[in-house]
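Computed from a prediction, not measured in an experiment: that's the story for all the values here. Chain letters run A, B, ... following the sequence lines, proteins first and then strands; every chain starts at 1.
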Amino acid sequence: MATSKPSLPKGTRDFGPEQSAKRSYIIETIKNNFIKYGFSQIETPAMEQLSVLTGKYGDEGDQLLFKIMNSGDYLKKSDSTDFEKGSAHLLPKISEKGLKYDLTVPFARFVVMNQNDITFPFKRFQIQPVWRADRPQKGRYREFYQCDADIVGTDSLVNEAELTQLIHDVYNDLGYKGFVLKINHREILMELARYAGLAGKEMPFCVIIDKLDKVGQEKVIEELLAIGANQEKLADVINSFSTEGENTLKVEMIEKVIGSNRGTKELTEYFDFLQSYGTENLQIELDFSLARGLSYYTGIIFEVKATDVQIGSITGGGRYDNLTGVFGLQGTSGVGISFGLDRIYDVLEEKGLFPPSLTQSSDVLITHFDEECMKHGLGLLKQLRAAGIRAEMFPESVKMKKQFNYADKKEIPYVLVIGSEEIKRGEYSLKNMKDGSQEMLSIERIIESITDQK
RNA sequence: GUGGUUGUAGCUCAGUUGGUUAGAGCGCCUGAUUGUGGUUCAGGAGGUCGUCGGUUCGAGACCGAUCUUCCACCCCA
């Protein structure tokens, strides 16, 4: 077989020991909080039936799905006429599976398939990779991890309040403060669209509105007029976006424009729950222009944006009233959030917020001069590990310099040296790699010494 | 998916209008130091110039395709 330069598929990455340790740190932080709030972990396959995935994320989303070709002779279900009719006709004949695009839709499938075993309300969390055939950029990968927590089987807005608190706990634990948590209600967007004379065009309205902070007011107004918005009414809508002040006041303001509705009622109730938490330090910004893309959201929606790093949204979520409906289970409402592990990593890295020395290394390295000393070392390894000390031995009797160099590179704080003299005395040289000091100690004293320093 | 951008040693990068044998710093290896790393000194290894094709007497440089990187759309974690 001809040799070739190895390479990775576009938008995928390897993670070395240091990166993996940092990723684990974020995952553990999020996971601990999920557990603290009463969520239970589940996992679903990397691949789903294409029929489960397609049509759930809009036309754009379908385009971004990674399809898996059928196994074996993948052309056997198709003929040349399928090929001539184009890719849309050919696709279902050669591909029946796809890589999952997010964790919410597979979760909805899970709920429907396991509805008889699940006790509602069901609180689950899930930390797994997802795949999107997007053009990669900074903070945008084709394979990335989502950390989701959802509650299904309850309409209570207490859940929204809980998730809000959870978001703050996670970022507090990670030591990141440069974020803003924005919220809105899908129903308010719908009402605003109708008010502006865009009944039936609510979704295009959302897409345009969502770009407000990016392209500016004038461009948004221009685009909305182009799809048929009423100029005067639109001015009221745009003005409502720039309302300043307390979130509860903003709700009152918007009610003056579009009247009381499900959105304003729910937001009022939600803010009331937050108040009852007794914590006043939550930074939440009600932003009527926040739209969020995923088409299945119907109630309150969340988005966490990094303000001091150019990376966009690092956490998103919201309520979906009827997600399981498409799989035949009606009337099951859910609300959830999704933390973007890879983007959070990029933020913590850029802001220098990772704790020092996350990489796991041994506490002590055993070095030796020859085969006999090495064998002797195996017994010591066992004793060290039994005492809870992370210990490893250099596996070859090479020059001391090389063995010490290894300890230095791996930042192992202690080196234990075994020579014939040491074996005779039953004491070993223990060198502290940080200050360079060294003394002869029995294995018991060595264990004490290292344990004290840990 | 549309438009642009990037690729030279393990890493960060030089490389003149196309012209002999493609360089530097850091890292790596060896020795000074045959029982000791991180400092110092001396020496050494390492490159199909992303890949394939084309133009040319001659290509790292020019042209085309392709892969990859980053960016703007689109969309999103």
Legend entry - Results of side chain to side chain donor-acceptor pair (under 3.5 Å) for A/Tyr37 - residues two or more places apart only: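 Partners of A/Tyr37 by the side chain to side chain donor-acceptor pair (under 3.5 Å) criterion, ordered by chain and then number, come out as A/Asp169.
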Salt-bridged, [X] to [Y], with N to O below 4.0 Å?
{"X": "A/Lys410", "Y": "A/Glu392", "value": "yes"}
{"X": "A/Glu372", "Y": "A/Lys375", "value": "no"}
{"X": "A/Arg194", "Y": "A/Glu187", "value": "yes"}
{"X": "A/Asp342", "Y": "A/Arg13", "value": "yes"}

Can you check the distance between [N] and [M], where both ends of the measurement are the [atom1] atom (answer in whole Å)?
{"N": "B/A32", "M": "B/G37", "atom1": "P", "answer": "12 Å"}
{"N": "B/C73", "M": "B/A9", "atom1": "C1'", "answer": "37 Å"}
{"N": "B/A72", "M": "B/C26", "atom1": "P", "answer": "35 Å"}
{"N": "B/A45", "M": "B/C29", "atom1": "P", "answer": "16 Å"}
{"N": "B/U40", "M": "B/U66", "atom1": "C1'", "answer": "49 Å"}
{"N": "B/U8", "M": "B/G46", "atom1": "C1'", "answer": "14 Å"}
{"N": "B/G15", "M": "B/A22", "atom1": "C1'", "answer": "7 Å"}
{"N": "B/C62", "M": "B/G18", "atom1": "P", "answer": "8 Å"}

Inset, instruction - Taking only the side-chain heavy atoms of A/Asp408 (C-beta and beyond), determine which of B/G37, B/A77, B/C75 contains the nearest atom. - result: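 Within the option list, the nearest is B/G37.
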Legend entry - Nearest-nucleotide pick for A/Arg343, side chain only, options being B/A77, B/U69, B/G35: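 The closest nucleotide is B/A77.
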What is the separation between atom [atom1] on [X] and atom [atom2] on [N], rounded to the nearest whole Å?
{"X": "A/Asp14", "N": "B/G10", "atom1": "CG", "atom2": "P", "answer": "17 Å"}
{"X": "A/Arg142", "N": "B/U69", "atom1": "CZ", "atom2": "P", "answer": "9 Å"}
{"X": "A/Asn432", "N": "B/G38", "atom1": "CG", "atom2": "P", "answer": "16 Å"}
{"X": "A/His368", "N": "B/U36", "atom1": "NE2", "atom2": "P", "answer": "15 Å"}
{"X": "A/Phe394", "N": "B/U36", "atom1": "CZ", "atom2": "C1'", "answer": "14 Å"}
{"X": "A/Gln146", "N": "B/A77", "atom1": "CD", "atom2": "P", "answer": "6 Å"}
{"X": "A/Ile301", "N": "B/C76", "atom1": "CD1", "atom2": "P", "answer": "11 Å"}
{"X": "A/Gln310", "N": "B/A77", "atom1": "CD", "atom2": "C1'", "answer": "16 Å"}

Counting the atoms with a prime plus P, OP1 and OP2 as sugar-phosphate, which does [X] contact under 4.0 Å by heavy atoms, base, sugar-phosphate, or nothing?
{"X": "A/Lys410", "answer": "nothing"}
{"X": "A/Gln403", "answer": "nothing"}
{"X": "A/Tyr406", "answer": "nothing"}
{"X": "A/Val130", "answer": "nothing"}
{"X": "A/Gly436", "answer": "base"}
{"X": "A/Glu303", "answer": "nothing"}
{"X": "A/Gly312", "answer": "nothing"}
{"X": "A/Gln137", "answer": "base"}
{"X": "A/Gly317", "answer": "nothing"}
{"X": "A/Thr367", "answer": "nothing"}

Inset, instruction - Decide whether A/Asp308 and A/Tyr176 meet the rule of one side-chain donor and one side-chain acceptor closer than 3.5 Å. - result: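 A donor-acceptor contact under 3.5 Å links the two side chains.
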Legend entry - Donor on one side chain, acceptor on other, A/Asn405 and A/Lys402, under 3.5 Å: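 Their side chains do not contain a donor-acceptor pair, so the 3.5 Å distance test is not met.
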Inset, instruction - State whether the aromatic ring of A/Phe369 stacks on the base of B/G35, taking stacking to mean ring centres under 5.5 Å apart and ring planes under 30° to each other. - result: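 Per 5.5 Å and 30° rule: no stacking.
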Legend entry - Within residues 397-421 of chain A or reaching into it, pairs that qualify as ring-ring contact (aromatic ring centres under 6.0 Å, His included) - sequence neighbours excluded: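 Applying ring-ring contact (aromatic ring centres under 6.0 Å, His included) to every pair that reaches into residues 397-421 of chain A, excluding sequence neighbours, yields A/Phe394-A/Tyr406.
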Inset, instruction - Compare side-chain N and O positions of A/Lys431 against OP1 and OP2 of B/U36 and report whether any pair is under 4.0 Å apart. - result: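 No, outside the criterion.
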Legend entry - Partner set under salt bridge (Lys or Arg N to Asp or Glu O under 4.0 Å) for A/Glu223, not counting sequence neighbours: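 With neighbours one apart ignored, the set is A/Lys211.
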Inset, instruction - Establish, yes or no, whether a centroid distance under 6.0 Å links the rings of A/Phe125 and A/Phe39. - result: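 Distance test on ring centres: not under 6.0 Å, no.
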Inset, instruction - Would you please indicate yes or no on a ring centroid separation below 6.0 angstrom for A/Tyr428 and A/His368? - result: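 That pair fails the under 6.0 Å test.
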Inset, instruction - Quick one: sort the A/Tyr320 and A/Tyr296 rings into parallel, tilted or perpendicular, breaks at 30° and 60°. - result: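 The arrangement is perpendicular - the two ring planes meet at more than 60°.
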Legend entry - A/Ser338 vs A/Pro136, nearer the 5' end of RNA chain B by closest nucleotide: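 Result of the comparison: A/Pro136.
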Inset, instruction - Using heavy atoms to find the nearest nucleotide of RNA chain B for A/Leu341 and A/Val417 separately, return the residue whose nucleotide is more 5′. - result: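 Counting from the 5' end, the first nearest nucleotide belongs to A/Val417.
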Inset, instruction - Among A/Thr104, A/Asp62, A/Asp102, find the one that has a side-chain hydrogen bond (donor to acceptor under 3.5 Å, both in side chains) with A/Tyr57. - result: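 It is A/Asp102; the other options fail the test.
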Inset, instruction - Go through RNA chain B and write down every stem, that is, every run of at least three consecutive Watson-Crick or G-U wobble pairs with distances under 3.5 Å, as range with range. - result: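 Stems found: B:1-4 with B:70-73, B:10-13 with B:23-26, B:28-32 with B:40-44, B:50-54 with B:62-66.
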Inset, instruction - For each nucleotide in nucleotides 1-6 of chain B, reading 5' to 3', give B when a protein heavy atom comes within less than 4.0 Å of its base, S when such contact involves only the sugar-phosphate, and - otherwise. - result: BBB---
For nucleotides 29-34 of chain B, print each protein N/O atom paired with a nucleotide N/O atom at under 3.5 Å, atom names and distance only.
| unit_1 | atom_1 | unit_2 | atom_2 | d |
| --- | --- | --- | --- | --- |
| B/G31 | OP1 | A/Lys399 | NZ | 2.5 |
| B/G31 | OP2 | A/Lys399 | NZ | 3.3 |

Legend entry - Passing candidate, salt bridge (Lys or Arg N to Asp or Glu O under 4.0 Å) with A/Glu349, options A/Lys22, A/Arg343, A/Lys138: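 The single option meeting the salt bridge (Lys or Arg N to Asp or Glu O under 4.0 Å) with A/Glu349 is A/Lys22.
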Inset, instruction - Scan A/Arg109, A/Lys67, A/Lys97, A/Lys100 and name whichever one has a salt bridge (Lys or Arg N to Asp or Glu O under 4.0 Å) with A/Glu48. - result: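 Option passing the salt bridge (Lys or Arg N to Asp or Glu O under 4.0 Å) with A/Glu48: A/Arg109.
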Legend entry - Pair of N/O donor and acceptor under 3.5 Å linking B/G38 base with A/Glu411 side chain: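 No.
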